[in-house]
Amino acid sequence: MKKIWRRGMPFSPEVAPLVSRMPAVDEYRESLLRLQGVWDSLSMLGQMSGTLPDIGATRAAFQSLSEDLLDSLGRTLLANVEQRMRSQAQVAIDILVRNLFERTADIGFLSTDSQLREAVRASKSAEGIDAASLRALQARFAEYAAKYTVYDDVIALAPDGRVLARLDDSIDACATGREPWLAQALQGAPYVEHFGDSALMGGRRALLYAAAIRVDERIEGVLCLSFRFDDEMRAIFSQLLEPRDRSVIVLSDARGAVLASSDPWQVPVGAPLPAAAQRGHQLARFAGREYLLVHAAATGYEGYKGQGWSAHALVPVDQAFDTAELQDAATAATDADDLLARLDTRELFGEALRTIPTQARHIQRDLSRVLWNGRLRPAGEGTSNAFAATLLREVGQTGERIRQVFEQAIANLHRSTLNAVFDEARHHARLAIDIVDRNLYERANDCRWWALDGVLRGVLSQPAGQRDAARAAAVLQRIAGTEDARLKEIMASLVTHLHDFVREVKLTEDEWRAGIDFLTDTGRKCDATRQEFILLSDTLGVSMLTIALNHAKPEGATEATVFGPFHTQDAPRVELGADIAGDAPGLPMFVHACVRGLDGEPIANADVDVWQADEDGLYDVQRPELGDRRRARAVLRTDAQGCVRFRSVVPTAYPIPTDGPVGKMLVATGRHPWRPAHLHFMIRAAGYQTLITHLFRNPDPYLDSDVVFGVRSSLVGDYVEHPPGRGLDGSAIDTTFYTLAHTFILPKAR
Ligand code: BEZ
Ligand code: FE
């Protein structure tokens with residue numbers, strides 16, 4: 001890198017403009033130049049008297065090493081100062097952002113405060129909020145501000161910007177409704193953060209946090225918290241600046257305007273800062289004084305970065321590299337050498353700083369050798385041996401002094417660097433402890449605050465039973481805003497009954513878990529052909545209850561019952577009189593069914609869909625060996641008299657599927673899985689209500705204990721047993737057979 005000459009020495013470009021402000025560099029520079037001057041004189045004397053060997057090479061080596069030393073010295077001092085300033089600025093902005101993040105949470109939960117919402121509700125009523133409630137609300141705000149000391153005002157506003165209540169009523173607020181942050185809060189943003197002059201604060205600059213107040217899920221007002229911005233900034237600054245610290249720490253907005261300053265006399269609020277450099281330092285002038293400036297952007301917390309604000313540390317250039325710091329370092333860190341000896345300093349010190357002492361020693365050794373050789377040389381004419389010896393000794397001592405200057409400079413630098421590292425560690429530790437402190441302090445406040453919450457206090461003052469009921473009430477309040485009125489009714493009732501149920505049985509957590517597992521297994525059992533949830537509903541009697549409620553029939557109409565899982569869409573359509581059983585096993589049965597309206601009118605052209613289990617209690621779909629082949633099911637169309645005839649097999653009782661969670665439930669509750677024998681019917685006729693029902697067979701051992709509660713006495717069919725003989729279709733039957741005749745009555749469609 002190209003060097004820039006300053007005061008007779010070459011320096012790196014970033015150091016060159018600052019060298020004149022670095023007394024330490026200057027001091028060593030002068031010592032070295034002085035010693036080199038002495039050496040040059042000695043060398044000249046030696047050459048003139050012919051007594052001294054050529055020490056030019058050693059001189060050049062010392063010169064080059066001096067240049068390296070001074071440049072390294074300058075760069076290290078600058079890096080140390082920059083690092084200290086950066087950690088100050090970083091800690092300042094990070095503490096602030098963390099603090100403001102908490103504020104965004106405060107406004108969210110305080111806006112849901114029960115007492116506040118009640119007051120806003122009252123303010124909407126014809127009588128408005130009464131004086132006593134207003135005072136109570138102000139007292140509540142005062143309680144809050146006392147716990148969360150970072151606020152100087154708490155304000156409840158009506159949607160039009162009118163102040164409903166505020167903690168500090170000495171402020172004359174006017175025309176607040178026009179401010180855009182209020183409109184944003186009224187749109188329901190989780191929080192709104194506003195920094196600037198506000199009419200609400202009597203025109204002064206304020207940092208405000210706002211959120212909507214919802215009453216019955218509607219936005220009926222806005223709560224606003226005014227953050228003690230200036231006080232909090234002062235506290236942060238004073239925490240970061242030690243008494244002798246010459247830094248100024250400032251906070252700036254995204255455009256670089258100063259918002260807060262640790263020393264407004266040096267850097268005033270409102271002053272513009274130069275656009276931030278990504279790395280390193282900048283130079284800036286304030287009130288005619290030149291400053292070194294280092295910038296730090298917010299690290300951000302949980303995705304929150306504040307309003308694009310950043311912090312800057314500034315130090316007057318003429319004080320930034322004060323030697324006092326180096327001297328302090330030398331004395332304060334008495335253990336520093338010890339520590340340095342044990343540390344791996346490769347990361348701390350650059351290559352140059354680490355190798356300079358060794359190089360200096362090597363040059364010194366070479367010099368000794370040259371001088372030793374010189375001693376062997378005879379003195380020149382007219383020159384005494386004593387003169388030559390003195391000269392040689394002087395040169396040797398000067399070389400030794402130069403080496404000492406090197407060592408001292410390096411030692412001091414090491415200590416200064418170590419100090420900078422300690423400084424940074426101290427700052428980080430301070431940030432960490434501050435965050436922990438604040439966090440715990442705020443949590444303690446949260447706890448104390450919630451303990452004062454109206455709902456909680458109300459609930460706790462009730463006997464245990466009512467307390468639980470209040471818990472359900474809290475859930476009900478949450479869903480009170482459901483727009484679909486029917487959904488709201490259903491959800492409210494479900495919650496109430498679920499809570500009542502849990503309370504009544506005093507449900508343990510293990511039982512709750514078992515219930516969740518049971519429902520999960522029920523879901524897992526479902527697929528395209530298996531609906532375990534409907535089976536569960538059936539076996540709990542819920543399907544039948546729903547049917548009874550929704551298909552309440554007028555007097556005389558045929559009752560409905562469960563649909564069941566075994567209907568298919570692809571039953572064959574057959575002619576009247578057909579044998580629908582196919583090769584299904586079972587005793588023959590002849591069915592004659594008529595369909596009529598409530599007035600007794602025959603319903604012609606009605607579709608009669610019929611399906612049933614065979615003698616083994618199995619539906620065709622339950623027999624994998626049949627594949628897609630259908631039997632013991634069909635669709636027939638009623639004739640002009642409204643009747644259908646068909647032959648089939650007599651149904652038998654069968655168990656519902658028990659290989660899933662419903663089966664387990666039946667076992668666990670000591671229930672059998674059986675359905676009494678039945679024929680399924682679905683009858684659809686234009687202009688009439690569709691009927692889904694069964695015709696049960698009597699006698700049957702399960703008529704009184706149908707596992708799905710589907711039996712209705714009106715649905716017990718007239719199954720008549722016959723000895724072998726002629727069937728209704730005239731065919732010869734060599735086994736017992738059955739006949740079944742029934743009339744279904746359908747009400748007109750609604
Ligand atoms: C059925 O009759 O097909 C049935 C009804 C409800 C559950 C299981 C089966
Ligand atoms: Fe069935």
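Whatever order the structure lists them in is the order used to number ligands and atoms, beginning at 1. Only a predicted model underlies this, so the values are computations on that prediction, with no experimental measurement involved.
Each side chain to side chain donor-acceptor pair (under 3.5 Å) pair with one or both residues in residues 632-643, not counting sequence neighbours, appears once here: Thr568-Arg633, Asp607-Arg637, Asp620-Arg633.
The aromatic rings of Tyr619 and Phe566 lie parallel to each other, with less than 30° between the two planes, well short of the 60° mark.
Not a single heavy atom of Phe563 sits less than 4.0 Å from an atom of ligand 1. Within the structure, ligand 1 lacks Phe709 among the residues with a heavy atom less than 4.0 angstrom away. The closest approach between a heavy atom of His680 and any atom of ligand 1 is below 4.0 Å.
Close contacts of ligand 1 with Leu535, meaning ligand atoms under 4.0 Å from a residue heavy atom, involve 7 (C), 8 (C). Residue contact check: Val708 has heavy atoms under 4.0 Å from atoms 6 (C), 7 (C) of ligand 1.
Here the heavy atom of the protein found nearest to atom 2 (O) of ligand 1 is Arg675 NH1, 2.4 Å. Protein heavy atom at the shortest distance from atom 9 (C) of ligand 1 is Pro565 CD, 3.2 Å.
Remark: aromatic rings of His592 and Phe590 are distant, center separation not under 6.0 Å. Checked against a 6.0 Å centroid threshold, the rings of Phe646 and Trp611 do not count as neighbours.
By the 4.5 Å heavy-atom criterion applied to side chains, Phe563 and Ile547 are not counted as neighbours. Taking 4.5 Å as the limit, some side-chain heavy atom of Val591 sits within range of a side-chain heavy atom of Met589.
The option with the heavy atom closest to atom 1 (C) of ligand 1, from among Trp611, Tyr654, Phe566, is Tyr654. Among Ile534, Asp538, Ile656, the residue whose heavy atom lies nearest to atom 6 (C) of ligand 1 is Asp538.
Using modelled atom types, one side-chain atom of His497 and one backbone atom of Ser493 make a donor-acceptor pair closer than 3.5 Å.
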task: Take Asp113 and Leu110, measure what side chain to side chain contact (heavy atoms under 4.5 Å, CB included) needs, and give me the verdict at the end.
output: CA-CA 5 Å; Asp113 181 73; Leu110 189 59; 4.2 Å; yes
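Checked by atom type, the side-chain pair Tyr719/Arg697 shows no donor-acceptor distance below 3.5 Å.
Here the Fe ion (ligand 2) has protein N, O or S atoms under 2.8 Å from it, and they come to 4.
Screening Asp614, Asp628, Asp583 for a salt bridge (Lys or Arg N to Asp or Glu O under 4.0 Å) with Arg623, the sole residue that qualifies is Asp614.
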